[in-house]
Each structure stands twice: as C-alpha cells, then as structure tokens.
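Given the structure is predicted, the values throughout are model-derived calculations rather than measurements. To find a chain, count down the sequence lines: A is the first, B the second, and so on, and within it residues start at 1.
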Protein chains: 2
Amino acid sequence: MIKKYVYGTPIPTDAVVQTIEPAEGPVQYLSELEMDGKILFHYVMEKDDIVYGLGEAMGGINKRGRVYRSFCSDVPDQTEDKESLYGCHNFLLISGMIQVGFFVDCASEVTFDVGYTSPNMLNIKPGCGDFVLYIIEGKSAADIVKQFREMIGRSYIAPRWAFGFQQSRWSYRDEDEIRDVVRHYRDSGIPLDAVYMDIDYMDGYKDFTISQERFPDFPAFVQEMKAQGIRLVPIIDAGVKIEPGYEIYEEGKQYQFFCKGSDGSDFVAGVWPGRTHFPDFLNSQVRMWFGSKYKVLTDCGVEGFWNDMNEPAMFFTEDGIREAKEYVQSFDFATNDPGQFFQLKDKLTGLSNRQKDYESFFHNMDGVIVRHDRVHNLYGSYMTRSASDALQQLLPGKRFLLFSRASYIGSHRNGGLWTGDNQSWWSHLLLNLKMMPSLNMCGYLYSGADLGGFGCNCSRELLLRWLGLGIFTPLMRNHAAIGTRRQECYRFGDTEDFKNLISIRYSLIPYLYSEYMKACLHSEMLFRPLAFDYPSDDFARTVEDQLLLGESIMITPIYEQNAKGRYVYLPEDMLLVVFRSSSVRRYQVMKKGLHYVSAAMNEVPLFIRKNKLLPLCRTSQCTEEMDTSMFEVIAFADRGFEYSLYEDDGTTTAYDSEKNYVRFAIQETEGALAAASDKTIVKLTLY
Amino acid sequence: MIKKYVYGTPIPTDAVVQTIEPAEGPVQYLSELEMDGKILFHYVMEKDDIVYGLGEAMGGINKRGRVYRSFCSDVPDQTEDKESLYGCHNFLLISGMIQVGFFVDCASEVTFDVGYTSPNMLNIKPGCGDFVLYIIEGKSAADIVKQFREMIGRSYIAPRWAFGFQQSRWSYRDEDEIRDVVRHYRDSGIPLDAVYMDIDYMDGYKDFTISQERFPDFPAFVQEMKAQGIRLVPIIDAGVKIEPGYEIYEEGKQYQFFCKGSDGSDFVAGVWPGRTHFPDFLNSQVRMWFGSKYKVLTDCGVEGFWNDMNEPAMFFTEDGIREAKEYVQSFDFATNDPGQFFQLKDKLTGLSNRQKDYESFFHNMDGVIVRHDRVHNLYGSYMTRSASDALQQLLPGKRFLLFSRASYIGSHRNGGLWTGDNQSWWSHLLLNLKMMPSLNMCGYLYSGADLGGFGCNCSRELLLRWLGLGIFTPLMRNHAAIGTRRQECYRFGDTEDFKNLISIRYSLIPYLYSEYMKACLHSEMLFRPLAFDYPSDDFARTVEDQLLLGESIMITPIYEQNAKGRYVYLPEDMLLVVFRSSSVRRYQVMKKGLHYVSAAMNEVPLFIRKNKLLPLCRTSQCTEEMDTSMFEVIAFADRGFEYSLYEDDGTTTAYDSEKNYVRFAIQETEGALAAASDKTIVKLTLY
C-alpha cells in the first residue's frame, strides 16, 4: 500500500514509473513541522527498530546513529564522518513492530538524521518545499522493498559478460600497456573479461575522442581484444572541453546545449580537460544529442561505458578562482597569523565542488529554467539516461554495459553504479559489503566497489580478501588510481592464489547471473540482510557482516587484516563450503548458532541453505568460453526440492521468457536423494 | 639475553638505562644489506609468526601487513593508510616458533615494512647509518617484553587522582566556562577529577602565561576547583611566541636557547601563537631553563600538565611561505590546467610539517651541532624530560601528572602519553583498544586516547561505548576539538547512563591503580594480548579485540555501531560480569570457547579469570572521596588463592614498599570458600 503526498510544485525526477494518485488527508506516521518554507518530518523510533535503505551511504546495514545528506558529492576519502557520497537514494524503511517505508522524491538536497542528534528520533529535512513523499506500508521489510521497487520500475539489465572479472586502472596510456595487462592475465591463467579505459585514452580528455597517437587504429584494437575474450570499457566524463574546433564543444555551443551562468553565457568549470562546459542533461534534446555521440565508440565495437565526474564534480570555477586570487593577493603573509593561514588553505581546498558554484548555473528543463542546486541530484542520473536511451538505438536489441558514479533513483533503470572512489582500507571492504543490500533496496542491482581500493596502496592480503567479497558482486572490477601501488592481480607474486580465487567466480557465474536476472525481473533483492529472510530471528536482525545472496547461499567475507577466519551466525543449519579454487573445496554441515569459520587468505567460505542447491559450471578464462551445458551441483538437503536456474543468451534483450528457466531438482527416490535436471550433472555433492 | 650492536656513531637517545656491552661477531636473526651508507635489515617471517610492538601505531595488535614509519608526526586524520603517528617506538618482537625482539635505537626516521611489500618479509630501514640495534632473546613474548622494559627503565608513575575521570575540550575560554562544566558534572552526579585547559587559557598562546582577563585570579581559581575535588591541567606547547618583552622569548633569545637556522639566527616557525621559536630541548641547559618555567603554574597550585605540539608541529615556516608566495604569484590561473591547480593546492597544504623545514634547523646537543631531522624523534621526548626534571624539583617528593603528544622511548620514564588527535570514528575506538598493549610493551603505561574522539562529531552511542573502554585505561579523558559537537557527558540527555558508567570506573580504581603500579614497579604490561598469558592457545593468538588487564580480568569492549553485544573468545572458563553501574551487575559463568555476549549501550562487560578476584570499592564523586577501607569482592574460584592489592598514598613518591601490598584471599574452610583480607569485605560474590 503506497500513499503519495505532494508538497509544493515538485520538479519531475524520473524516479517513479507507477501512476499513483495523491492521497487525501494528513500524512500518516510522520509528524510535520514547517520552518522557513521548508518541511521537517519527525518519526519516533522504537529502541529496537532497524532503519534500512539509503542506497549508497556510509554506516551500516542498519542506518541508525548517523546523519546522511543526499547531495551527490565527489568524496574519495570516505572516512566515517562523511555525510554524502556519490549517489543519492532517498528511500528508507523502519523495521520493527511497525514496518513502514519512506521515499522522499526531491531533486535537491535532503538530510536524514537517523538517531544521531537524538537516539530515537528520525528527522527528514528536504532542502526545499517542492517534493513528493511516498509512504509505503507492508507486512515486512522485504514486502515494502518489493512494493517500492515495483513503483520505481525494472532495474537495468547488464550483459552476461559484465559478470566476468574486469581490470581497471587510471593510467593505462596506450594499446601496448593494455596488451601487457591482458597478456599478464592470460599468461598467469587468471580469468578476465574486460579492461577499462580511464581518462587516459582520450585526446586531451575530450569526450568521444581517442588519442590517435596512442590508439592509432582503435577499431582494430577493439577487435584484437575481443578475439581474446576481452571487452574494452571506456570512460565518459560529464564535462566537455572548451576547445574551438572540437566538434562536441562547437555543437553544444551552437545549439545552446550547455548549462548557463546567470548572465546567459555557457557556464565554465575546471575539470580534467581544464575549462569545460556541462551538457544540460536535464534537457531532453541535449540528452539525445550527447547520447548520439556514443556512436563514435560503439562504431569501433565498444559495448560498455562508465560515466564519471557527473555529480558534477568541479575542481574550480572562474568565480572561485577570481575570489581566491583576490584573497591570496590581499593576504598578508607577514602577519603569520595561523587563523589567516588556515583560512587561506581552506579557501583553496574549498575551491572544488563549492556550494556557491552549484548555485550559480542553470538548466533548461525543456523550457523551464531551473537553478542547478534545485536539481543537483538529477544531473548524473540524467547523464545515464542520455547514454542508455542512445545505446538502445545504437545497439538495437543488444544489451550494453553502463554504469555511473553519480546517481539518483530512476537511473537504476538505465544503468548500474559503482560506489565511486574508495580507498585501499580494510574498512572500505566492509563498507562495500554493507552497502550491497542497501543499493539493492533502491534498485541498483548491477553494482560493486573498486576492489582493492582506488586510492592508497593495496597489500596482497587486502586484495585477496576483497576479491573474496568481489567474486559475489555483479560488478567485479579491480580499479586503482594513478600513483598508487600497481594493483593488477599478477603484481603480488604467487599468482596461483588469484587464479584460483577468480576461477571460483567463473564457476559461480551461472548462479550469480540467474539470481541477478531473477532479482531484476521480479523486483527482488539479490543481496539481503539476514533479517529479510529470517524476520523473527532476533539475533539475525543484528548481523551486519553476512548477506544472503540469491535463494541458495549466504556469504560471510573476511574483512580483517591477519584474520584466520571469522565469526559467523547461522539462522538455521547450513552447509559450509570453503573454496580454495573452483574445484578444490571442503565441506562441513554446521548447526544453527554461533561459529568461527577458518579460512586462509586464499580461501572463500560460503554457506548453502537448507534444502537449497548451488549449481557450478567449469571455470573458464572468460565468459565467452563458459560451458553451461554441464554442471556440478552442491546441495544441502533432507528432502526433495527444486531450483530454477535462469539463463539466456546474455547479450540480447530477449529476456523474461518462461523458456529461460532450467529446472534443477533434488528428488527422493526409494529413500535416497538424487539430482535431476535438463542439464548434464557431472557431479552431485550432497549433504 | 640482550645483544647490542652499534652502527656508526649514534646520537645518544636516552632510551636505554642498562649498561650493555656491544656484542662480538655478526648480527644474528637479521640479514644485513648496506645501501647508500644506510643499513637495511631483513627477517623472513614464518606464516604464523605474530609481530608485536611498535607502540603508538596504526594497524592491529599483530603489526603484520603494513608499513610503519617512525617519524613523530602531527596526523589528526588517522586513516588506515597513515604510516606515522605522534609517537615513535622502535621496538617490535616476533612471536612464533622463534621468539625474538628488536629495538632500533635511532634518533631519526626508521621504516618498518612488516610484510606489506612481501607478505613474509620484515624489512627495517633506519634513516641513517648511526644507531644502536638491540636483539632480545627470550623464552616467550612476555619474557622479551620484560627484558626490554627492564633495559629501558621504570615507567613514569602518575598520581592516583590521575585515574579519575577527566574532561577536556579545546575552547574552554574562561573561569566561568570551566565552572559551568564542573557544575554540570557535579549536578548530574557524574564523577570527575580534572578539567583540562587547552591553549585557550593562555595570553596570546604564550607558554607560561595565563590570561589575566579570563582568569583574573588563577591561584584562587585553582583552589576553588580543588575544593570541589577538581584539578586543573594546563597545556604547554613547544613553540615560544616571538614577542618583544615576553619573558620566555627574551630569555631564550638572550641565552641562545632556541633552535637555530642554518644562518645561525633563531629558527622561526608558525604555530598557534603565530611566529615562534623552538626551545632546543636537546640541550641540557635549555631543558633546565624551560622546565623551571613550569613554576609559574605550580606556584598557582597546578599539579599536572600536558605537553603538546612537540613533534614539533609546524603550520608553516618563513621559507615555505616565501616559496608558496612565489608559486602563487607565478601561477597562471588563466590556463586553468587542473594539474597546475592541484600542484598549487598541494603546495599550500604541504606547507605544514614539511620535511624540508625539518632539515633546515639545528640543535646544540651540549656542544654538538646536529641538524634537526637527525634527531627529530627526540624532540618531544626531551621536552617531557625537561618538564619532568623540573617538576621533581618544584614539587619535591610529590607526584605530578605529565603526559605528552610526541614521544620516543625514554620519555616513558618521565611521563605518559595520549595518542594525539583522533576522530569521533568507531574505528578509532577499536584503534584505541589495539594500541594499549603495544604502548605497554614500549613502556607507556599511563596512556589513553581522546575518548569520544577529538575531531568530528560524536554521537551518544559512540561516547558511551568508548567510555566502556575508557573506564579501563589509566588516562580516562573525554577531549574534543573546537567546532565539533559538544561532547561533555551531560550533553547527551539521560545523564544517568553516564553517571552509572563512570561510577564503574571509580569502583574499579583500587584494582586499576594496583595493577598499574605493579606493572610500573615490575616492568610488566598492564594490558596484554590474550596470547601473552595463553601462549599455547592457537585461537587466543588471533584475538585482536579483547585484552587481559592486570592479573584478574579480561576486557571485551563493544566497538560497533548499533551492536547489541559482541563475540568473545574465552581461553578458559571465566565469570562474565556485566556492569550497568558500579553496583548493578549480572553474572554468568561461561565455558572456554566462543560466545556472544549481550550488553546494552549503557552496560560494560568484563570477565574474571579462573581463581582470580576483583576488589571493588564504593564509587565516589572524585578520587579524594574514595573510601578504600571497605571492599566488595567478586571472585571466580574453585579453590583457595590470594590476590595482592597494591595501595599507597597516591600522591608522594614513597612507593615500592612491602607495606603497600594488601592481601585478599579466598580461603577454603571446611569445604566452603570464603574471603579474607585486612580490609573490610562488605560483600563477597563468589562463583
């Protein structure tokens, strides 16, 4: 049951696809307070209520105890105190004696104080008076999420190759460097499906250009890589370089397609290419125009993209620089006053992503002029839509890989997301784990974090353990920043461990892909907190570091340095499978309750739930070489049951057919259990 | 068995008090490589070796997997990637099949790569060729630590009042603000023993001045506070303000007591007071002179100090500012090149604590001129010695509270330390826990972290949970930075929880003080990893979040947001005591093995070991009101045993007498167990 309440004159956000009539009468559940034309909502939480949701955000699975500010922000140093990250997903739900969800559909900033100021008080503060509030009642947390997901529409569906392991690094300069990466992977037998091209591939960081010098025959290079089972995935940044003669710049200028300053001139911000203009993605014509440019790359055979810097991130603006220059010039170093000194530092550090700059440019939303800060959170989301709409035209009937750094609910229908620039910190491995179910609640199923960490230096152990989570996330990408320790899997010696670990992923892909597709098609969550499936288990409600993944398994990644294993809570009897490679495993039936599970650095534990099974295919070098005719089945059963494996061609949009489900069954015959399927079952391991 | 190896011509560091003759023959255990006049040591670790030590450092109790750079640094944002903190403690030990300790006594930078670059390789790289290497063999980790501690001499002994709860905040401006803090504590019944005075109390941040305007009659104010059982603890910074007419400045200049630039003039750095000179603490005359100035405050009745900014921290130098100015002037903002822009930002951010500046001034070590970077790590340590030597004269026969931010082994004899500027992050609560035993290994017994976190905003839950650890650390101080959320315990509503929690501390003080004193007097550790007492328990070796504290108890603080409790490993049967206040507790005997212990936000769990007891006194408002004539005893026993409680007057230096031990016994009489002591035992709780 969803109720809709309209406040003021909201700017359409593209978040909701269902038509819901505004409700009559006063808002339920929330107390309302009007202050300075803004509305403040209160909700008094019970002591043991859990608050779920908020998508890409700091904190735990239970969001209590912190403040969250929805304002898409370029925040690579995601320390615990940060209130904003790259994406903004204003859906949360209370789970306790009362179950209720709230979605604040608001294009500008929204603040959620979830028991920080006062432990039992939830305060929601939209940054303006124009927004839509949805209140969702349901019989359980899972039910509320499902209703919400149906309301916001079907999540983006990635091609199956995007479930392969992917390597990225900001600094791959030319063909030879990429060839070298691929060769190392292939030589060491570590599976790989894609290599990313960060801003380095472009000519002067200009969107939709390819450096002729460093990639002299890009279409041939794309084919050369494809022949090895490798897709190239180039980055597209939001800002368009100001450079006379550069097509995108000239066209955008001519057609008035860039965001405008208050004086009507094209707004200028400094980003990677230097001075740039921002395409006005909130305008449908601009989306069509910018999207059409992806053709430059799809014509070369490219099938996947990542959209970046689309909060939009700004290093500096003309205004900011003018002010800073004046400040520096008038600054009297001779006084040596530390206060003044810190102000100067702040002035220069604060030049990037200034609130003031976000308030100084304007969009033309198909005729309506809107100041940027009022619609800030939509910018990246509409960039994703621009690309998605175009790619559907450019690659008809074919799936494409697409994900973005900035996002707002609605973009989940057009692409996935990665969680932005993180760090090689153990805490960010745990953050990655905790964020997955929250992202799923908000519709983001194709998602993942930079495995090994983007900033800072990664150790061998951290990368192995992080991959131990990454082998389960749809987007499984190792990505790192220029200047950090080289982080490709073959850089850390004894590559056998990495080969074995990533080979596990490849044998899991049929299951992961199946569960991902089912979650997309039926508005379900791929990753779920334990409490979603075991709602009456009080202990399960407190577990923050284990997740249910699809219908059969529970994952328990190890996220602490020098750990030999970890504590695990089983809400029912389960079968522990510790993988050392795709084929080397050990098994142990474990009872409901508390356990310590040992797992060496090169091992990955997972649990199979009672009367569930896990189908595994043989591992491969890349998804194209996957053989899904034969399966090994691991089952934990004391009776007969069935499992439906979803599979399709993985590349076209012909999904969602009854024919796409393959039945696996554990059958009781003459008192014994045996496996049956239309697939060949080469081995059954049954406990 | 300790072997000493001298390399080059080491600068004396004051770290070691035992006379040890240099060993003959080649160094054992370590491989040695000479590179560019520097020595590089290697040690190949076994897979399961644990590396302990390194005092104040990031990472776990087991230091493996990271790089540590000993170079006293002003690092408030202690993110996981940080290699240096405020103190430098170059002692570590390998614990595995082989047990061996290494102490690199070197006044300049030393780098320890403990299996980061290569997982099994320990690399030690002293920053210069002049140092002493000590290799310590022993039969156990505990034995090696004890030998090391005996070699470096007895740890500083704090007065007993310093075990009371202490409140601090950078921003207490005047008498009234401090009165207000004290009144709130007393009114809400939350015990309190001291209030700290941060830089705000001074006149223009000038050491040994007190603002006449804001503290018109400071001696009277000190007495007024003392009458309420409150000590005032002022800060002393390293830098001396350049201000004609200011006594300390004028004298220092006249006597040539400040560090010199390369041109022989007094070196200038910008710190809180603006332009300052640094007293040359490496010179014995300077130490005597500067130390004598503490009299200004001891004459007012002050009995405790904290020495700060003594890495020394430098916000900027004249040279740095000149360079930055030139850079800014020559910077062409018009190009809008992001590379140049980031360089400019780095230039300004990098002005503080520049390596180049540390290489540009000189010390006169009683006749020998030494460039600062060669002796950098001694600066804070010698400042502590200056204060300690002086306070022993100024307060004859009396103990004083003294601790420092920067430190080097040796300073542990003269004062304690706090772990510097941390943040209101849950990870820093855990870091606090993990650092305690490492600090103890290096001689720092009177130590603690800023409870609740110095930077960022603290939540009620974080403060309660952090106090749940803090009630066990000798230094128990709530401290926060200006600009952060007000963090005094009475600021978070429902003050009863804080009153109850801190009342637990006061009932524990006799035990904590006893164990602390015994650890000081017998070169033992107060906080120990489980493996120190249960060396043959393989699981105990992996436990990173529980500590043994003194002879009777094990602590298991809760360090995760929204947690209802935590996992605990018991290496033997123990008695769980969950405190809700000093008098409200629940008990449960728990078996050796894994458990989950529930503890609400306002509860603190601890464990009493087998055949050990915990004496508790009645709680009080401050240490002066403590009544140690009567005890309640909690014992976990299946036979008779004894416990010796150390006690003394807590204020004089007349410690270490046989008479200071009070016997508590559990005695077997006619098949039953009963408690006996020279103290009155008001209640025995026996399990």
Side-chain angles (χ1 to χ4, degrees), chain A residues 50 59-60 62 64-67 77 79-81 115-116 118-119 270-275 315-316 318 321-322 324-325 328 333 335-338 341-342 344-345 348-349 351 423-427 455-457 459-462 493 539 542 544 560-565 567 569 594-596 601, chain B residues 50 59-60 62 64-67 77 79-81 115-116 118-119 268 270-275 315-316 318 321-322 324-325 328 333 335-338 341-342 344-345 348-349 351 423-427 455-457 459-462 493 539 542 544 560-565 567 569 594-596:
Chain A
I50 298 179
N62 185 351
R64 285 184 78 149
R66 299 178 45 90
V67 173
D77 57 330
T79 49
E80 284 178 44
D81 52 296
Y116 160 73
S118 181
V271 209
W272 291 121
R275 293 155 47 93
F315 298 153
F316 52 82
E318 310 264 68
I321 279 178
R322 190 177 318 115
K325 272 178 86 167
V328 170
F333 276 121
T335 66
N336 278 341
D337 169 5
F341 173 73
F342 286 120
L344 177 67
K345 267 207 210 178
L348 280 146
T349 315
L351 272 181
Q423 304 288 334
S424 296
W425 297 342
W426 288 87
S427 57
C456 298
N457 296 320
S459 69
R460 184 174 195 275
E461 184 190 12
L462 177 57
F539 195 90
T542 70
E544 286 266 332
E560 283 174 349
Q561 192 163 32
N562 296 314
K564 307 277 186 198
Y567 291 104
Y569 172 71
L594 308 178
H595 299 275
Y596 184 92
M601 227 189 277
Chain B
I50 298 179
N62 184 352
R64 285 184 78 149
R66 298 179 47 92
V67 173
D77 57 331
T79 51
E80 284 178 42
D81 53 293
Y116 159 73
S118 181
V268 180
V271 209
W272 291 120
R275 295 155 45 92
F315 299 151
F316 52 81
E318 311 264 68
I321 279 179
R322 192 178 315 113
K325 274 178 84 169
V328 170
F333 276 120
T335 67
N336 278 342
D337 169 5
F341 174 72
F342 286 120
L344 176 68
K345 267 207 210 177
L348 280 147
T349 315
L351 272 180
Q423 303 289 333
S424 297
W425 297 343
W426 287 87
S427 58
C456 298
N457 296 321
S459 68
R460 185 175 194 273
E461 184 190 13
L462 177 56
F539 195 91
T542 70
E544 286 266 332
E560 284 173 350
Q561 193 162 30
N562 295 317
K564 306 275 187 198
Y567 290 105
Y569 172 71
L594 308 178
H595 299 274
Y596 184 90

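Checked against a 6.0 Å centroid threshold, the rings of Phe315(A) and Phe341(B) do not count as neighbours.
Interface remark: Thr542(A) contributes side-chain atoms only to the contact with chain B (heavy atom separation under 4.5 Å). In this structure, no portion of Glu461(B) lies under 4.5 Å from any heavy atom of chain A. With a 4.5 Å cut-off on non-hydrogen atoms, Arg322(B) does not touch chain A at all. At a 4.5 Å heavy-atom cutoff, the contact between Asn457(B) and chain A is made by backbone and side-chain atoms alike.
Minimum interatomic distance between Leu594(B) and His595(A) (heavy atoms only, all atoms of both residues): CD1-C, 4.0 Å. Heavy-atom minimum distance, Val271(B) versus Pro338(A): O-CG, 3.0 Å.
Judged purely by atom type and a 3.5 angstrom limit, Asn562(B) has no side-chain atom pairing as donor or acceptor with the backbone of Gly65(A).
Side chains of Thr79(A) and Gln423(B): a donor-acceptor N/O pair is absent below 3.5 angstrom, by distance only.
Taking the six-membered ring where tryptophan is involved, the planes of Tyr596(B) and Phe539(A) are perpendicular, since the angle between them exceeds 60° and thus also 30°.
Between chain A and the options Arg64(B), Glu560(B), Arg460(B), the largest number of non-hydrogen pairs under 4.5 Å is found for Arg64(B). Note: Asp81(B) leads Leu462(B), Val67(B), Asp81(B), Thr349(B) in heavy-atom pairs under 4.5 Å with chain A.
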